[in-house]
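Below is one structure, written out as structure tokens, with a few remarks after it.
Quick caveat, the model's predicted, so the values are computed rather than measured. Count residues from 1 along the sequence.
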Amino acid sequence: MSDELDRVGEVAWQADTDDRKSPRTDCASRGFADPDFDLPVEWLATRAAVHAAERRQRSARTRWLRA
């Protein structure tokens, strides 16, 4: 099993060093230091979800949910 784990580690290392971690990217857009920088779409989607949750949490309509 050691050989297989070594191979998995090598593939992961190559993916990281060859920038194959997240092949789908999009421009960072406004609000970033470099708006033209390509970011992984998964990261951008997660960021948008966190911001949406923050807006819902701060909304006056959802204040009754706070402890």
Which residues share a side chain to side chain donor-acceptor pair (under 3.5 Å) with E4, sequence neighbours left out: none

Residues forming a side chain to side chain contact (heavy atoms under 4.5 Å, CB included) with A52, sequence neighbours excluded: R55, R56

Nonpolar side-chain network containing W13, other nodes, edges under 4.5 Å: none

Approximate separation, where rounding is to 0.5 Å, of D26 CG and D38 CG: 7.5 Å

Value rounded to 0.5 Å, distance of CZ in R24 from CG in L44: 11.0 Å

Minimal non-hydrogen separation, T25 against V41, with atom names: C-CG1, 3.8 Å

Below 3.5 Å, can you tabulate the donor-acceptor pairs from side chains in residues 29-36 to any protein atom, sequence neighbours excluded?
{"unit_1": "D34", "atom_1": "OD1", "unit_2": "D36", "atom_2": "N", "d": "3.3"}

By salt bridge (charged side-chain N to carboxylate O under 4.0 Å, His left out) - contacts of E10 (at least two apart): none

